[in-house]
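These notes are about the structure you will find just below.
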Amino acid sequence: MGAFDSLWLIPILPLIGATVNGVFGKRLPKNVIGTLAAGSVGLSFLISLRAFVAMLALPQTGLPILRDYFTWIQAGTFQAQFGLMLDQLSGLMILIVTGVGFLIHIYSIGYMSHEEGFYRYFSYLNLFVFFMLTLVLANNYLLMFVGWEGVGLCSYLLIGFWFSKKSAADAGKKAFVVNRVGDFGFILAIMLIYRTFERVDFQSVFSRVEDVSLFPVEPLGTVGVLTTICLLLFVGAAGKSAQFPLYVWLPDAMEGPTPVSALIHAATMVTAGVYMVARSAALYNHAPGALFVVAVVGVFTAIYAASIGLVQTDIKKVLAYSTVSQLGYMFLGCGAGVYAAGVFHLMTHAFFKALLFLGAGSVIHGMGGIQDIRQMGGLRRHMPWTYRTFLVGTLAIAGIPGLAGFFSKDAVLEAAWSHAAYGKLLWAVGVIAAGFTSFYMFRLLILTFYGAPRYSEHDVHHVHESPSSMVVPLIILAIFSIVAGYIDIPHFLTPASLETEREAVSSSTGILLTAASTTVALLGFALAYLFYVARPGLPDRLAARAHAMYSILVNKYYVDELYDAIIVWPIVQTSRELLWKVVDTLMIDGAVNAVGRLVRGSASGLKHMQSGYVRTYAGWILFGGVLVVAWFLR
Amino acid sequence: MIQILFFFFAAIAVGAALNVLVQKHVLYSALSLILMLTAVSVLFILLQADFLAVINVIVYAGAIMVLFVFVIMLLNLPEDEDGADRLRWLKFIGIPLGLFFLVLVVTTLWNLEANPGTQPQLVGSPAAIGQSLFTDFVLPFEVTSLLILIALMGAVVFAKRDL
Amino acid sequence: MIPIGWYLILSAILFLIGVLGFFIKRNIIALLLSVEIMLNAVNLTFVAFSLQHGKISGQIFVFFVLVVAAAEAAVGLALVIAMFRNRESLNVDRSNLLKW
């Protein structure tokens, strides 16, 4: 059992790295910082791998592996342990987090080498890995929430890494505030879970939910209370995983360094919501209404974000909207009741989206900071390895057969198809979103790497391939983006995620569905080829023709403006006009000043008692003395 | 007989005390105070405090008042206090307040019984005082010496032109 | 015998005269003399109660009051000299700088 006794080392090692880098980083040379940061995560990865392999050898009855380290909170009957839990789901997650995290750490050493806050960056990044591992390994909702908040904090810190830039600081703030909304839902869900089941650890909650007699259902009814819990959990998940309508922070989060976007805002943190829904499968299975909401929100987000991605011109923004869209896919899979499909897509997405982001980072690095794809083009010749890996990533996300994305997306769409009530509709929307995805990804690829250079040699000196510390992670991720699809994750995960009983899609229907989605993916590619290679003038003409549609997309459906108008503006105005000018200035300051004036006023009168004349003092003494005597002789 | 003596010397004490206030020149006030102290000393004898009566005359009327007179003569003060009293209004508050106080006390004490039957024969002889002073009150007595030492140093510090 | 009340009334009268000195006189030495009157009035009370209760401690207190009076006179007169040296006057109303 040695492999599991060192479970606590997995999250602790990055924490040590974060502490050492954070405290002593200023005095350490950069190669030591980088080695320490990447090394701690790498070591964590090896321990995870060992635990994972050991877990595979165990029979199903031996799972999950639980380790309670100490009682974290004990208050009355309320108890929360600091305990870790390893099963197929969390085992897969820790491999993704530490594995992809390790590669991105390596990449960051090259990418961030010229940065001022090198040690700060790695300290945050290690801290993030610690919190993310706490999140996925926690054996109860409360500890999960600690990790949940911790990754939010690290996300905030890293988005605002270049905090002297106003847009970056604002983006960090926006991410933090929007996440608050979701986190509030999560807190309420935990409270309701405790109130209902009197426990917060997964084992007890999931076993009690199976027996209705074990928990009180007043006043909502059994289904009502479970649906409420699940919807509140999903509010949290939607905030963290950038689902409609709480997705607005993720595109802005691209202000952070690109490896951060790859690790936090593509591969790991944003998938925490998917993980949480999959983890809570036992609850969701008893709340079909909530599950349907998850599916609908997921599929809507998928097509919505993909449509915005069609017209974005910033290389990272395209990928950001793509991430939102793909997260929608994962929720679609979960919402259809096939949590394994969602988690499968989570895993493949972690590889190819991290690859795409790191590739984009490599491009930005080589272009000297330019992010606008309209100013790129022809980079294929200058950055061969970046191009090759990016091509793999694009093929993978577009769902071209043979690569990872094809399998996972297929699994999600099949799950959607088999949904009892609205399966065909969910599937249809999902397929259209897949077409969008294919289109904008090939558009991105073509505009960036093909055609004639659109940048002036004067502005961009010497476009160059990135150093090997950046290219090697790209290649490794590219390999995984191909082979990850061949791992039968759905089957592997099934025992842990408690599948709902459903009719399996017959093999002939399955082939048809696959063919349909593949066709759509190829159609997307064909359109992109038509638009940007065969007839380059077509996009502009189309934009001019359908101007209203185009401007809505370019302005992202005006959602930011809408939020500004209905949420931000009223709050700011209320704060300024009422809270500041009335409550603070008039009432609070007024009260304070009034006390001051009262004291000063009364003192300016009373000070004349202190006349300086000894004899008046004698008079006062006599007055007081007579009063005392009169009191005693009364 | 004793009553006559009491009233006689009480009258002298009150009269002398009033004279302290009435006199324009402080020297006469000081001399009048000596008379008052002497009268009070006689009252001490009536109260069988023989030793204190003697001490009162020697230390108070003798030493302390001589010090006063010495300072008054040293400074060679002008007779009158200069200018109009800016705090004249104080009298109109202080005197009624004082009289009120007196009325309070007198009305309370007027009916107080002498309690003659139990009045013990207590003679404040030097022996009795010394006995008490060096047994029960030995610590305050010793502290007193410290007080006088400090007063001595204080007097030197204040009066000396420059240290 | 003389009732103790009489002594106390006499004491109160003398004390009052001492107090009134503060409202009538302005010369600082006169004020010090007034203090002496008040101290003596209190001494008289102590001695009267000493006899009344048959306890010697009242007289011991007079003894201590005497010591304090001596110390007060010494320091007070030193202050008077210092004050006269600075202001050429013993009028306490002229020394009113220590105020608001």
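Lettering of chains follows the sequences in order, A, B, ..., and the numbering in each one begins at 1.
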Practice task
Given side-chain contact (heavy atoms from CB on, under 4.5 Å), test C/Leu8 with B/Val105 step by step and report yes or no.
Solution key: CA-CA 9 Å; C/Leu8 297 181; B/Val105 174; 5.8 Å; no
Practice task
Show the numbers, then the answer: is there a side-chain contact (heavy atoms from CB on, under 4.5 Å) between B/Gln3 and C/Trp6?
Solution key: CA-CA 10 Å; B/Gln3 273 94 340; C/Trp6 295 11; 4.0 Å; yes
Practice task
Determine, stepwise, if the pair C/Leu16 / B/Leu99 fulfils side-chain contact (heavy atoms from CB on, under 4.5 Å).
Solution key: CA-CA 8 Å; C/Leu16 182 67; B/Leu99 289 177; 4.2 Å; yes
Problem - C/Leu90 and B/Leu75: CA distance, side-chain angles, deciding distance, side-chain contact (heavy atoms from CB on, under 4.5 Å) verdict - result: CA-CA 10 Å; C/Leu90 292 183; B/Leu75 296 179; 4.1 Å; yes
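B/Ala30 approaches C/Leu33 most closely through the heavy-atom pair N-CD1, 3.7 Å. Nearest approach of C/Leu14 to B/Ala13, heavy atoms of both residues: CD2-O, 3.8 Å. Minimum heavy-atom separation, C/Ser34 to B/Leu21: OG-CD2, 4.1 Å. Contact detail for C/Ala69 and B/Ile64: the closest heavy-atom pair is C-CD1, 4.1 Å. Contact detail for B/Gln23 and C/Lys25: the closest heavy-atom pair is O-NZ, 2.6 Å.
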Show me the donor-acceptor pairs within less than 3.5 Å that the side chains of residues 150-158 of chain B make with the rest of the protein, sequence neighbours left out.
none

Could you give the side-chain donor-acceptor pairs of residues 133-146 of chain B under 3.5 Å, partners two or more places apart or in another chain?
residue  : atom : partner  : partner atom : Å
B/Thr135 : OG1  : B/Gln131 : O            : 2.6
B/Thr135 : OG1  : B/Ser132 : O            : 3.4
B/Thr144 : OG1  : B/Pro140 : O            : 2.6
B/Thr144 : OG1  : B/Phe141 : O            : 3.2
B/Ser145 : OG   : B/Glu142 : O            : 2.3

Table please: side-chain donor-acceptor pairs of residues 35-48 of chain C below 3.5 Å, with sequence neighbours left out.
residue : atom : partner : partner atom : Å
C/Glu36 : OE1  : B/Tyr60 : OH           : 2.5
C/Thr45 : OG1  : C/Ser11 : OG           : 2.6
C/Thr45 : OG1  : C/Ala41 : O            : 3.0

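The aromatic rings of B/Phe6 and C/Tyr7 sit perpendicular to each other, their planes meeting at more than 60°, with 30° as the lower class boundary.
Contacts with chain C (heavy atom to heavy atom, under 4.5 Å) involve these residues of residues 31-39 of chain B, listed by number: B/Leu33, B/Met36, B/Leu37.
By the 4.5 Å heavy-atom criterion applied to side chains, C/Val19 and B/Leu97 are not counted as neighbours. Side chains of C/Ile24 and B/Val22 form no contact here, defined as non-hydrogen atoms less than 4.5 Å apart.
For C/Ile17, the parts lying near chain B are the backbone and the side chain together; criterion is any non-hydrogen pair under 4.5 Å. Only the side chain of B/Val71 has a heavy atom closer than 4.5 Å to any heavy atom of chain C. Of the atoms belonging to B/Val59, it is side-chain heavy atoms, and not backbone ones, that fall under 4.5 Å from chain C. Interface remark: B/Phe101 contributes side-chain atoms only to the contact with chain C (heavy atom separation under 4.5 Å). The parts of B/Leu90 that come within reach of chain C are both its backbone and its side chain, each placing non-hydrogen atoms under 4.5 angstrom from that chain. Using a 4.5 Å cut-off between heavy atoms, B/Ile129 contacts chain C through both its backbone and its side chain.
Counting heavy-atom pairs closer than 4.5 Å to chain B, the top-ranked of the candidates C/Ile9, C/Ile60, C/Val80 is C/Ile60. Counting heavy-atom pairs under 4.5 Å between each of B/Leu147, B/Ile148, B/Val14 and chain C puts B/Val14 at the top.
Taken to the nearest 0.5 Å, the CD atom of C/Gln59 stands 11.5 Å off from the CD1 atom of B/Ile55. Atom CG of residue C/Leu51 and atom CZ of residue B/Phe44 lie 12.5 Å apart, to the nearest 0.5 angstrom. Distance CD1/B/Ile72 to CD1/C/Ile29: 4.5 Å, rounded to 0.5 Å.
Remark: B/Phe8 CZ is loosely packed, at most 12 non-hydrogen atoms of other residues, nucleotides or ligands lying under 6.0 Å away.
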